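All values below were derived from every heavy atom in this structure, side-chain atoms included, with hydrogens, water molecules and symmetry-related copies excluded. Bear in mind the structure is a predicted one, so any value in this text is a computation, not a measurement. We name chains A, B, ... by the order of the sequence lines, and we start the count at 1 in each one.
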2 protein chains.
Amino acid sequence: MSGDTRERLLAGTIAALRDKGIAGVSARSIAGAAGVNQALVFYHFGTVEELVIAACQGETQVRVSQYADQLAGVTSLRELLTVGQALHEKERAAGNTQVLAQVLAGAQTSPTLAEAARQALGLWVTEIEGTLQRVLADSPIKAALDIPGLARAVSAAFIGLELYEAADPDSTRHAMDALAQVAVLTDVLDDLGPVARRALRNRLRRSANR
Amino acid sequence: MSGDTRERLLAGTIAALRDKGIAGVSARSIAGAAGVNQALVFYHFGTVEELVIAACQGETQVRVSQYADQLAGVTSLRELLTVGQALHEKERAAGNTQVLAQVLAGAQTSPTLAEAARQALGLWVTEIEGTLQRVLADSPIKAALDIPGLARAVSAAFIGLELYEAADPDSTRHAMDALAQVAVLTDVLDDLGPVARRALRNRLRRSANR
DNA sequence: GTCTATAACGAGATAGAC
DNA sequence: GTCTATCTCGTTATAGAC
């Protein structure tokens with residue numbers, strides 16, 4: 001039953017990454033979590049690193065597509081933040097953002113791991129970028145913002161928050177709340193009257209030229 | 001020459017953490033980077049983990065106090081972002097934010113490492129929080145924001161960006177630029193005329209009550 | 001495809017000479 | 001305080017029985 005073993009190993013890798021971090025993953029810890037023999041890691045994936053890469057890719061694809069529908073329904077920045085927070089909660093429980101964060105930490109050492117992390121994060125970035133583009137389509141602040149860059153900043157910020165949560169859960173909750181307030185602020189900006197709107201546009205033009 | 005060896009080991013730990021990540025640090029790799037005998041790790045610090053904790057604490061204290069002066073001179077959010085970017089660049093070159101990120105990644109496994117990361121990040125958070133408080137003292141957006149939470153979010157975001165940079169340097173640069181634009185936006189908000197200012201205040205009050 | 005056994009090596013940590 | 005030598009264990013990875 002080869003297919004089943006492969007799946008078990010992939011799931012076991014996610015579990016090991018989540019529970020022990022990048023420094024704690026090994027063929028043995030993965031096999032233990034998967035409930036299979038250690039040698040099968042090498043039979044099916046060649047090296048531990050290849051297995052980690054495969055698990056990270058597969059998991060991220062599943063997760064991103066799972067949230068694509070919800071993100072497609074978002075119409076404001078505040079809604080986006082709400083979805084983002086729900087996402088963060090679920091991901092935290094399932095431990096998948098942790099996986100991304102740990103692979104990213106491991107990417108420091110290994111170029112192949114770095115490439116895998118880049119691609120996995122790229123999936124999230126694409127999704128967020130599209131949503132931002134749509135949500136801000138009619139906003140006066142759109143012209144002032146580099147949306148692709150913003151999507152990348154948001155993605156990176158979530159990774160940082162995920163890591164931070166392990167060290168200081170209370171602080172992380174505060175941080176999430178603060179981000180929600182920032183989103184409200186931009187909503188307010190979006191919602192100004194025509195006079196303020198014009199002032200804003202001028203002010204932005206001045207800033208851009210400096 | 002005990003003091004010297006301790007220093008070498010602490011510096012070697014930073015270097016090892018920077019170059020090999022949390023998964024790659026070991027008594028041997030640290031001793032190699034420090035140019036001392038492997039057994040001295042245990043003589044001076046008991047365990048590898050204790051050494052990592054000591055190095056992280058010491059390095060962060062030095063770094064934070066090094067930037068305290070610059071942060072004290074900041075008077076606007078945009079300036080803060082500029083200082084932040086310069087800080088990020090220098091830290092990147094010296095590899096110290098990396099150290100924090102890697103320790104944070106390792107904090108998943110070890111409660112003692114988690115505590116060390118919490119304290120180290122707390123030093124940055126305190127500094128940033130104080131600066132934000134000062135910079136936003138006269139701002140209409142101050143009331144709408146949870147500044148302690150914001151300081152934590154900013155700190156976590158920088159950690160995420162630091163990790164991201166290893167995997168995708170170009171994207172990270174874009175993200176940093178986008179963040180600078182967001183700061184400009186808040187500066188604009190700060191700089192509105194009295195009419196828009198009042199509208200903003202009302203709008204924020206409504207948002208807060210929802 | 002899956003298992004056991006094992007080779008080869010690096011890890012943390014300690015004992016003891018100097 | 002520093003070194004060498006060593007113990008014990010966990011690691012990757014492979015060979016070969018089933």
- [ ] Treat primed atoms plus P, OP1 and OP2 as sugar-phosphate and everything else as base, then score nucleotides 9-15 of chain C 5' to 3': B for base contact with protein heavy atoms under 4.0 Å, S for sugar-phosphate contact only, - for none.
- [x] --BBBB-
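- Contacts between residues 102-117 of chain B and DNA chain C, counted as heavy-atom distances below 4.0 Å, involve no residue at all.
- When the side-chain contact (heavy atoms from CB on, under 4.5 Å) test is applied to B/Thr131, the partners found at least two apart in sequence or on another chain are B/Leu71, B/Val74, B/Leu80, B/Arg134, B/Val135.
- Judged by distance alone, the side chains of B/Gln85 and B/Glu89 never bring a donor and an acceptor atom under 3.5 Å apart.
- Evaluation of the side-chain contact (heavy atoms from CB on, under 4.5 Å) rule for A/Leu179 yields A/Leu81, A/Leu161, B/Ala153 as partners, not counting sequence neighbours.
- Considering only heavy atoms from C-beta on, A/Gln66 comes within 4.5 Å of A/Val62 through its side chain.
- Every residue two or more places apart in sequence or in another chain that forms a side-chain contact (heavy atoms from CB on, under 4.5 Å) with B/His174 is listed here: A/Asp146, A/Arg152.
- Residue pairs meeting the salt bridge (charged side-chain N to carboxylate O under 4.0 Å, His left out) criterion with at least one partner in residues 15-31 of chain B, sequence neighbours excluded, do not occur; the list is empty.
- Atoms CG (A/Leu40) and P (D/dA13) sit 15 Å apart, rounded to a whole Å.
- Residues forming a side chain to side chain donor-acceptor pair (under 3.5 Å) with A/Thr109 (at least two apart in sequence, or on another chain): none.
- Scanning for side-chain contact (heavy atoms from CB on, under 4.5 Å) contacts around B/Glu7 gives B/Leu10, with sequence neighbours left out.
- A/Thr47 is linked by a side chain to side chain donor-acceptor pair (under 3.5 Å) to nothing, counting only residues two or more places apart in sequence or in another chain.
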Task: Steps toward side chain to side chain donor-acceptor pair (under 3.5 Å) verdict (B/Gln108, A/Gln98) - done: CA-CA 9 Å; B/Gln108 193 66 11; A/Gln98 261 300 334; 3.2 Å; yes
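- Residues B/Arg92 and B/Thr97 fail the side-chain proximity criterion, which asks for heavy atoms closer than 4.5 Å.
- Evaluation of the side chain to side chain donor-acceptor pair (under 3.5 Å) rule for B/Gln181 yields no partner, not counting sequence neighbours.
- Only B/Asn37, listed by number, bring a heavy atom of residues 30-37 of chain B to less than 4.0 angstrom from any atom of DNA chain D.
- Each end of the helix from C/dG1-D/dC18 to C/dC18-D/dG1 yields a helix axis from five base pairs, and these two axes differ in direction by 0° (to the nearest 10 degrees).
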